[in-house]
Amino acid sequence: MTNVLWLQGGACSGNTMSFLNAEEPTVCDLIADFGIKVLWHPSLGLELGDNLQTLLRDCISGAIPLDILVFEGSVVNAPNGTGEWNRFADRPMKDWLTDLAKAAKFIVAVGDCATWGGIPAMSPNPSESEGLQFLKRQEGGFLGKDFVSQAGLPVINIPGCPAHPDWITQILVAIATGRIADIALDELHRPQTFFNTYTQTGCTRNVHFAYKASTAEFGQRKGCLFYDLGCRGPMTHSSCNRILWNRVSSKTRAGMPCLGCTEPEFPFFDLKPGTVFKTQTVMGVPKELPPGVNKKDYALLTMVAKDAAPPWAEEDFFTV
């Protein structure tokens with residue numbers, strides 16, 4: 001039996017909703033097939049008041065083994081480092097988190113807010129929010145750069161706004177079955193099995209990307225979203241087009257640009273008007289290019305690709 005305690009800080013519950021829609025495996029599979037016991041969850045837990053406080057204190061003392069602590073949402077430190085803006089079970093959430101982190105065998109941060117602060121940590125960050133072990137790309141966060149859990153691992157980060165449900169459940173299974181050592185973490189503590197490739201990998205619009213065939217409308221099934229609509233798929237680490245959402249689709253397959261929500265800089269440009277769904281360019285060349293591509297080579301490639309583009313590159317290949 002693997003005990004899981006799920007807590008929520010400064011959050012919108014989006015990752016909880018994502019988690020509850022997991023398919024491979026489902027939440028029921030976690031319990032029935034993989035021996036995971038959900039001690040408490042904000043949307044599933046039955047304990048309230050004194051009973052919940054007793055449960056939490058038993059986890060801290062070791063009376064109840066805490067195998068996995070899952071945290072969703074940012075760690076709220078306001079006002080003035082007290083954490084009083086986010087109280088839970090008669091204490092600031094950050095105080096519970098401090099004590100539980102010392103007792104947990106593994107800690108999993110789910111979603112952008114828990115991993116690196118997310119939207120709550122946007123400037124000027126009035127809630128003094130941060131992630132468990134990062135603030136944006138800066139190491140440290142609430143628990144500190146050198147923190148490791150009882151198992152000797154740093155916080156395992158599963159970013160996203162929200163995180164893909166199967167990323168969450170599959171990492172929980174890897175821990176519960178003793179296989180987490182087989183999963184390497186990158187420099188941002190993300191499991192490489194999900195984050196070693198770019199969102200563009202598997203995108204159905206790659207042929208349009210290659211021939212610089214663009215679309216300027218949402219929902220269109222032809223044309224690349226990178227050149228006009230601000231798609232960050234070529235620069236974002238995720239498996240959204242390899243492990244499809246609901247096993248059916250992804251943002252780019254549905255005609256919406258990737259917003260880069262698995263990267264610490266999300267939301268980019270602090271959501272300033274005219275920047276979110278518009279590619280920022282200089283003399284027609286995107287300011288941000290895929291890693292390893294320089295502007296001179298890109299400009300030359302663009303001319304060659306457009307000149308070589310076949311007529312079908314502009315067609316809707318989904319038409320039946």
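This one's a predicted model, so the numbers in the text were calculated from it and none came from an experiment. All values below were derived from every heavy atom in this structure, side-chain atoms included, with hydrogens, water molecules and symmetry-related copies excluded.
In this structure, SG in C240 is found 5.5 Å from CH2 in W245, a value given to the nearest 0.5 Å. Taken to the nearest 0.5 Å, the CG atom of L188 stands 9.0 Å off from the OG1 atom of T115. The distance from atom SG of C203 to atom CZ of R253, rounded to the nearest 0.5 Å, is 7.5 Å. Rounded to the nearest 0.5 angstrom, L55 CG and I60 CD1 are separated by 10.0 Å. Note that CH2 of W116 is 16.0 Å distant from OG of S129, once rounded to the nearest 0.5 Å. For the atom pair CG of L97 and CG of L7, the computed distance is 7.5 Å after rounding to the nearest 0.5 Å.
Scanning all heavy atoms of the two residues, the minimum distance from Y227 to H208 falls at CE1-O, 4.2 Å. Here the shortest heavy-atom pairing between F209 and P290 reads CZ-CG, 4.1 Å. Nearest heavy-atom pair across V75 and K94 is CG1-CB, 4.1 Å. Residues P286 and K295 approach most closely at O-CE, 4.2 Å, considering heavy atoms. Residues P234 and Y198 share a closest heavy-atom pair of O-CD2, 3.5 Å. Taking each heavy atom of G230 and P257 in turn, the nearest pair found is C-CB, 4.3 Å.
For E128 (side chain) and G81 (main-chain N/O), a donor-acceptor pair under 3.5 Å exists by modelled atom type. No side-chain donor-acceptor contact under 3.5 Å links H164 to the backbone of S18. Under the 3.5 Å distance criterion, the side-chain polar atoms of Q280 are matched with a main-chain donor or acceptor of K278. Between the side chain of W6 and the backbone N or O of V38, no donor-acceptor pair lies under 3.5 Å. Without hydrogens or angle criteria, T262 side chain to H237 main chain gives a donor-acceptor distance under 3.5 Å. For R221 (side chain) and A254 (main-chain N/O), no donor-acceptor pair under 3.5 Å exists by modelled atom type. Side-chain N or O atoms of T82 include one that pairs as donor or acceptor with a backbone N or O of P79 at under 3.5 Å. Looking at D112, its side chain never comes within 3.5 Å of a backbone N or O of P162 through a donor-acceptor pair. Without hydrogens or angle criteria, W40 side chain to E47 main chain gives a donor-acceptor distance under 3.5 Å. Listed for the S61 side chain is a donor-acceptor partner under 3.5 Å among the backbone atoms of A63.
Using a 4.5 Å heavy-atom threshold, the side chains of C231 and C258 count as touching. Contact check for L259 versus V276: side-chain heavy atoms found under the 4.5 Å cut-off. Between N125 and P120 there is no side-chain heavy-atom pair separated by less than 4.5 Å. When side chains are defined from C-beta on, V70 does not count as touching I168, because their heavy atoms never get closer than 4.5 Å.
In summary, the aromatic rings of F195 and W167 are positioned with their centroids under 6.0 Å apart. With ring centers used as reference points, F134 lies under 6.0 Å from H189. If you look at F218 and F277, their ring centroids are closer than 6.0 Å.
Aromatic ring pairs are classed by plane angle as parallel below 30°, tilted from 30° to 60° and perpendicular above 60°; the pair F226 and Y298 is perpendicular.
A donor-acceptor pair shorter than 3.5 Å can be found between the side chains of N241 and T252. If you check the side chains of Q8 and S13, you find a donor sitting under 3.5 Å from an acceptor. Using modelled atom types and a 3.5 Å distance limit, the side chains of T199 and R232 yield no donor-acceptor pair. Side-chain contact check for N206 and Q200: at least one donor-acceptor pair (N or O, by modelled atom type) lies under 3.5 Å. Of the N and O atoms on the side chains of D228 and T279, not one donor lies less than 3.5 Å from an acceptor on the other residue.
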Note to self: Assess the residue pair D29 and T26 against the criterion (side-chain hydrogen bond (donor to acceptor under 3.5 Å, both in side chains)); give the C-alpha distance rounded to whole Å, side-chain angles, the decisive distance to 0.1 Å, and a yes or no.
What the structure shows: CA-CA 5 Å; D29 291 337; T26 67; 3.1 Å; yes

Checklist line | side-chain contact (heavy atoms from CB on, under 4.5 Å) evaluation trace for F19 with V110 | finding: CA-CA 10 Å; F19 170 66; V110 173; over 6 Å; no

Check: Passes side-chain contact (heavy atoms from CB on, under 4.5 Å), R242 versus T197? Steps please.
Finding: CA-CA 9 Å; R242 290 192 294 114; T197 59; 3.1 Å; yes

Next item on the list: For side-chain contact (heavy atoms from CB on, under 4.5 Å), just list the numbers for T177 and T2, CA-CA rounded to whole Å, side-chain angles, deciding distance to a tenth of an Å, and then say yes or no.
Entry: CA-CA 9 Å; T177 57; T2 301; over 6 Å; no

Next item on the list: Carefully, step by step, assess D90 and Q53 under the rule side-chain hydrogen bond (donor to acceptor under 3.5 Å, both in side chains).
Entry: CA-CA 8 Å; D90 207 34; Q53 292 184 47; 4.8 Å; no

Notebook entry, point to check: Run the side-chain contact (heavy atoms from CB on, under 4.5 Å) check on F34 and L172 step by step: do they pass?
Noted result: CA-CA 9 Å; F34 296 101; L172 294 181; over 6 Å; no

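Around atom CG of N294, more than 12 heavy atoms belonging to other residues, nucleotides or ligands sit under 6.0 Å away. In this structure, R247 places its CZ atom where more than 12 heavy-atom neighbours from other residues, nucleotides or ligands lie under 6.0 Å away.
Applying the salt bridge (charged side-chain N to carboxylate O under 4.0 Å, His left out) test to every pair with at least one member in residues 57-73, sequence neighbours left out, gives no pairs at all. Within the structure, side chain to side chain donor-acceptor pair (under 3.5 Å) contacts touching residues 134-152 (residues at least two apart or in different chains) are R137-E263, R137-E265.
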